[in-house]
Amino acid sequence: MQSIGVLMTCPMHKYLEQQLETDFNLFKLWHCNSSITEFLKTHQGNTIRAVVGNTEIGADAELIASLPSLEIVASYSVGLDKIDLRKCEEKGIRVANTPDVLTDDVADLAIGLILGVLRGICASDAFVRIGKWKDADFGLATKFSGKSVGIVGLGRIGSAIAKRAEAFGCSISYFSRSQKPFANYKFYSNIIDLATSCQILIVACALTEETRHIINREVIDALGPKGILINIGRGAHVDETELVSALLEGRLGGAGLDVYENEPEVPEELLGLRNVVLQPHVGSDTVETSDAMTDLVISNLKAHFSKKSLLTPVI
């Protein structure tokens, strides 16, 4: 398969890059010093049969149109919002992603963010490091165990978060497009009702046009001045302007964020807030999961070019 052209859209895991270079004829889009069109002309875009993208750069309509021989898009991510699925369907292009293997890491981070916000872990770490403990007590934090937790989206990741929160004695409720027959948690068909009923609201759904800014001012105000918002989904799930104003005005109790609307840009107002914990979109970034995601991307590509069924097909 070493003659098969594969386009990698941006730097990802080094192991992924190495495996692609070993098994395929790899092109790196970030080496482009001109326009994408010129890059593809120079590198014989008509020979590229696969694209490997992620949550930063996937495969939009322009890129797909530039690759007349494209057969498959393999995403190094579970998210699909950076891929033009409609255009892929129109052209008969296969799409695969990496579900399941990253579920545990993202769910673990969600719990970490909750503890970080409620127990003030980052702020108390700074308190010790700058020597303030010698002169004063840090003060009281807030308990996590027994809190009411609402989850927006009860898919693989949402379910894994629920399981972990249950271990802390939390009551679980959720909002989704439809009630899940496998779940024994309280279902809300209205996200405002969910936000009103819980103390911690976790965003874990896929990003679609329907879920863009699903966390708006009304939802934030329903969660209230003692409520905590956790976002491990996508930045665009949350109206960031409304989130910032709610935190500054005390209409929201705190937030734990791994994702942002304009990554890697983070609103400056959030940087000095003690009740906010910030992460640089690292939900699935462990060695073990990154290696497993790589193996799944490579396996999907090899399956496609061997005319076998994809391991994790989307289209």
Side-chain angles (χ1 to χ4, degrees), residues 77-81 85 97 99-115 117-118 142-239 242-243 246 251-259 283-284 312 314:
S77 164
V78 68
L80 301 168
D81 50 289
L85 295 177
N97 63 349
D100 296 321
V101 293
L102 52 71
T103 296
D104 284 340
D105 276 346
V106 178
D108 288 350
L109 183 64
I111 299 300
L113 285 170
I114 295 170
L115 288 167
V117 175
L118 292 179
T142 302
K143 185 177 182 177
F144 174 35
S145 296
K147 288 287 190 292
S148 55
V149 172
I151 301 174
V152 182
L154 200 69
R156 294 178 180 91
I157 294 173
S159 297
I161 294 170
K163 182 178 179 181
R164 286 158 172 75
E166 280 188 289
F168 284 84
C170 297
S171 60
I172 311 296
S173 53
Y174 71 99
F175 164 82
S176 65
R177 287 177 296 180
S178 59
Q179 189 166 1
K180 308 297 183 183
F182 59 81
N184 294 319
Y185 312 126
K186 184 172 179 58
F187 169 67
Y188 286 92
S189 59
N190 186 302
I191 192 172
I192 302 296
D193 293 337
L194 175 69
T196 301
S197 71
C198 69
Q199 295 165 292
I200 302 167
L201 185 65
I202 305 170
V203 185
C205 57
L207 179 62
T208 65
E209 286 306 313
E210 290 74 24
T211 62
R212 188 175 298 275
H213 281 192
I214 192 171
I215 308 300
N216 55 24
R217 185 184 182 98
E218 192 175 4
V219 172
I220 292 170
D221 285 346
L223 188 55
K226 293 184 178 181
I228 303 297
L229 177 69
I230 304 295
N231 189 8
I232 47 80
R234 290 288 182 268
H237 282 131
V238 178
D239 186 328
E242 291 294 347
L243 174 64
R251 291 186 287 109
L252 182 66
L257 308 172
D258 185 43
V259 289
S284 61
T312 51
V314 176

Please find the pair of heavy atoms, one from [X] and one from [Y], that lie closest to each other, and give the distance.
X    : Y    : result
K180 : S176 : CE-OG, 3.7 Å
T103 : A160 : CG2-CB, 3.6 Å
S77  : N97  : O-CB, 3.1 Å
C170 : G146 : SG-N, 4.0 Å
G283 : D258 : N-OD2, 3.0 Å
I151 : A204 : CG2-CB, 4.3 Å

Single hit among L113, L243, V117 for side chain to side chain contact (heavy atoms under 4.5 Å, CB included) with L257
L243
Once you round to the nearest 0.5 Å, how far does [atom1] of [X] lie from [atom2] of [Y]?
X    : Y    : atom1 : atom2 : result
I172 : K147 : CD1   : NZ    : 13.0 Å
L252 : E242 : CG    : CD    : 11.5 Å
H237 : I215 : NE2   : CD1   : 8.5 Å
L207 : R212 : CG    : CZ    : 5.0 Å
I114 : T142 : CD1   : OG1   : 13.0 Å
I228 : F144 : CD1   : CZ    : 11.0 Å

Return the set of residues passing side-chain hydrogen bond (donor to acceptor under 3.5 Å, both in side chains) with R156 (not counting sequence neighbours), or none when no residue passes.
D100
Working for side chain to side chain contact (heavy atoms under 4.5 Å, CB included), residues I161 and I232:
CA-CA 11 Å; I161 294 170; I232 47 80; 3.9 Å; yes
Is a side-chain donor or acceptor of N231 paired with a backbone partner of R234 at a separation under 3.5 angstrom?
yes
Check R164 with D104, please: is the shortest side-chain N to carboxylate O separation under 4.0 Å?
yes
Pair up each side-chain donor or acceptor in residues 184-203 with any protein partner under 3.5 Å, not counting sequence neighbours, and list the distances.
| unit_1 | atom_1 | unit_2 | atom_2 | d |
| --- | --- | --- | --- | --- |
| Y185 | OH | E166 | OE1 | 2.8 |
| Y188 | OH | S197 | OG | 3.4 |
| N190 | OD1 | I192 | N | 2.7 |
| N190 | OD1 | D193 | N | 3.4 |
| T196 | OG1 | I192 | O | 2.8 |
| S197 | OG | D193 | O | 3.4 |
| S197 | OG | L194 | O | 2.8 |
| Q199 | OE1 | S148 | N | 2.8 |
| Q199 | OE1 | S148 | OG | 3.2 |

Start with the C-alpha gap between F168 and V149, add the side-chain angles, then the distance that decides, and say whether side chain to side chain contact (heavy atoms under 4.5 Å, CB included) holds.
CA-CA 11 Å; F168 284 84; V149 172; over 6 Å; no
